[in-house]
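One structure is given below, encoded as structure tokens.
Any value given below was found using the heavy atoms of this structure, including those in side chains, with hydrogens, waters and symmetry copies removed. The sequence lines fix the lettering, A, B, ..., with proteins before strands; numbering per chain opens at 1. Quantities reported herein were computed from a predicted structural model and do not represent experimental measurements.
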Protein chains: 2
Amino acid sequence: MNPKSKTTAITGDPSSACSIEATLDVIGDRWSLLVLRSVFRGNHQFSTLQTELGIARNLLSSRLARLVENEVLTKVEYQRRPKRYEYRLTGKGADLSQALIALMNWGDRWYASGKAPTILTHRSCDAALEQVVVCTACGTDVGPTAISSRPGPGRRT
Amino acid sequence: MNPKSKTTAITGDPSSACSIEATLDVIGDRWSLLVLRSVFRGNHQFSTLQTELGIARNLLSSRLARLVENEVLTKVEYQRRPKRYEYRLTGKGADLSQALIALMNWGDRWYASGKAPTILTHRSCDAALEQVVVCTACGTDVGPTAISSRPGPGRRT
DNA sequence: ACCAGTGGGTTTACAAAATAAACCTTCTGC
DNA sequence: GCAGAAGGTTTATTTTGTAAACCCACTGGT
């Protein structure tokens with residue numbers, strides 16, 4: 001589009017040459033992930049979100065609109081007369097759980113000094129969860145230094 | 001600290017009541033994660049990062065300073081006369097790989113239409129990787145709807 | 001000796017985004 | 001017919017981000 005490729009940054013266009021960038025185009029601002037965390041926790045109404053987060057109302061409004069536009073949330077009328085709306089996660093939104101869990105775990109490891117503020121469990125077992133990266137071939141847990149990166153079929157640069 | 005708890009938002013203080021918030025206090029702005037992605041990819045110099053990302057130089061400067069201050073990166077003099085520096089991931093920084101992978105995977109699933117721009121592999125197997133959340137008790141892969149959340153020992157609210 | 005080029009920044013002027021507070025609208029229940 | 005709740009929008013102000021210019025130390029070429 002631009003000959004000198006100015007659009008390397010946050011472009012607002014999720015069809016990026018990098019999937020991290022694509023993701024950040026949707027949820028990579030100061031508030032979106034906090035809004036989503038709150039929705040994951042069960043807050044679905046505008047007022048509740050606003051109070052819990054302390055976000056300015058106009059910003060919350062625009063963030064929710066953007067998340068709805070990007071199909072991460074849906075706006076559902078849960079009452080008529082007076083009309084009341086709530087925001088629910090779509091499948092795509094729920095699929096962000098892995099990312100939120102990764103961010104939470106990092107915060108736990110480096111800022112919670114062994115005492116996590118929130119613990120996630122398997123609903124049926126009530127046991128703790130663990131997030132791992134595994135090799136689809138050998139099945140072993142792969143740490144950051146054993147990871148290699150190569151261009152895939154969607155590479156555009 | 002503040003009686004009416006105004007500090008629910010992005011406070012710049014990672015010792016938050018929520019680990020997601022703590023994490024976002026460190027890397028939750030428009031650029032930090034993109035800078036880190038670039039460092040993960042092997043770009044360690046100021047100029048290289050600036051050119052690759054298209055970020056304003058003063059912003060890159062302040063982001064790098066903040067990441068160094070928070071011990072995500074270290075600034076290493078790799079040459080004297082003239083002095084040249086490079087930025088390297090610390091252990092804490094490398095530990096963000098899970099989060100970057102989660103964000104990348106989400107982008108792959110929802111914006112790459114089956115063709116990932118980048119593929120991560122197990123260095124020794126050359127096979128694809130998979131990120132999963134597993135139960136420490138039953139060992140099964142736990143999807144977003146089977147996850148339960150409860151307050152942990154570090155809860156402060 | 002001079003000058004261009006490289007690396008790693010800082011300063012400055014300007015534009016965009018965030019914040020806080022006030023305001024608006026529709027409806028209910030008293 | 002008034003207060004209060006829900007879900008916003010408008011407005012003024014402050015904070016951030018952006019782009020371009022500039023600075024400094026040094027090297028290698030002429």
Side-chain angles (χ1 to χ4, degrees), chain A residues 2 4-13 21 24-35 38-39 42-69 73-88, chain B residues 2 4-13 21 24-35 38-39 42-69 73-88:
Chain A
N2 186 316
K4 276 203 99 185
S5 159
K6 281 272 194 184
T7 50
T8 343
I10 294 111
T11 54
D13 166 27
E21 233 173 88
L24 293 177
D25 282 340
V26 179
I27 48 92
D29 63 284
R30 269 190 190 61
W31 285 109
S32 294
L33 279 170
L34 290 173
V35 169
S38 202
V39 175
N43 298 311
H44 303 294
Q45 294 180 28
F46 187 92
S47 297
T48 318
L49 290 167
Q50 197 271 317
T51 313
E52 215 221 8
L53 297 171
I55 183 176
R57 302 169 72 79
N58 53 352
L59 261 199
L60 177 57
S61 184
S62 93
R63 286 302 168 271
L64 288 172
R66 196 150 62 84
L67 291 170
V68 168
E69 199 187 326
L73 299 177
T74 37
K75 187 175 181 173
V76 182
E77 186 186 288
Y78 71 90
Q79 180 189 286
R80 311 176 63 180
R81 310 195 55 92
K83 285 188 176 174
R84 290 295 138 81
Y85 304 97
E86 60 179 17
Y87 295 89
R88 290 271 169 194
Chain B
N2 186 315
K4 276 201 95 183
S5 158
K6 279 275 196 181
T7 50
T8 343
I10 294 114
T11 54
D13 166 26
E21 235 173 87
L24 294 177
D25 282 340
V26 179
I27 48 93
D29 63 284
R30 269 191 189 60
W31 285 107
S32 294
L33 279 170
L34 290 174
V35 170
S38 202
V39 175
N43 299 310
H44 303 293
Q45 295 180 27
F46 188 93
S47 296
T48 318
L49 290 167
Q50 196 272 320
T51 314
E52 215 222 9
L53 297 171
I55 182 176
R57 302 170 71 80
N58 53 352
L59 259 201
L60 177 57
S61 185
S62 93
R63 287 301 168 271
L64 288 172
R66 194 150 63 83
L67 291 170
V68 168
E69 198 186 327
L73 298 177
T74 38
K75 187 175 181 174
V76 182
E77 186 188 288
Y78 71 91
Q79 180 189 286
R80 311 177 64 181
R81 315 194 52 95
K83 286 188 176 174
R84 292 293 140 80
Y85 304 97
E86 60 179 16
Y87 295 88
R88 291 268 170 195

| query | Can a side chain N or O of A:Trp31 be found less than 4.0 Å away from OP1 or OP2 on C:dT19? | reply | yes

| message | Under 4.0 Å, heavy atoms only, any strand: does B:Arg80 hit a base, just the sugar-phosphate, or nothing? | response | nothing

| Has the side chain of B:Arg66 got a donor or acceptor atom that lies under 3.5 Å from a matching backbone atom of B:Val26? | yes

| Test item: side-chain donor near acceptor, A:Ser38 and A:Asn43, under 3.5 Å | yes

| field | Which nucleotide in C:dT11, D:dG17, D:dT11 has an atom nearest any side-chain atom of A:Asn58 | value | D:dT11

| message | Heavy atoms from C-beta onward define the side chain here; which of C:dG9, D:dT18, C:dT19 lies closest to that of B:Ser61? | response | C:dG9

Could you go over nucleotides 4-6 of chain D and give all protein N or O partners under 3.5 Å, atom names and distances?
from: D:dA6; atom 1: O4'; to: A:Arg84; atom 2: NE; distance (Å): 3.3
from: D:dA6; atom 1: O4'; to: A:Arg84; atom 2: NH1; distance (Å): 2.9
from: D:dA6; atom 1: O4'; to: A:Arg84; atom 2: NH2; distance (Å): 3.4

| field | Atom pair distance, as rounded to whole Å: CD in A:Glu77 and P in C:dC27 | value | 11 Å

| field | Phosphate contact (D:dG8 OP1 or OP2) by A:Tyr87 side-chain N/O below 4.0 Å | value | yes

| query | At under 4.0 Å, does any side-chain N or O of B:Arg63 touch on OP1 or OP2 of D:dT16? | reply | no

| said: I want to verify a distance call: between C:dT12, D:dT27, D:dG17, whose nearest atom is closest to the B:Arg81 side chain? | reply: D:dT27

| So do the side chains of A:Ile27 and A:Val35 get within less than 4.5 Å of each other, counting heavy atoms only? | no

| Looking at side-chain heavy atoms only, is the closest gap between B:Leu73 and B:Leu64 below 4.5 Å? | yes

| task | Measure from the side-chain N and O atoms of B:Gln79 to the backbone N and O of B:Pro82, and report whether any donor-acceptor pair falls under 3.5 Å. | result | yes

| query | Has the side chain of B:Glu77 got a donor or acceptor atom that lies under 3.5 Å from a matching backbone atom of B:Arg84? | reply | no

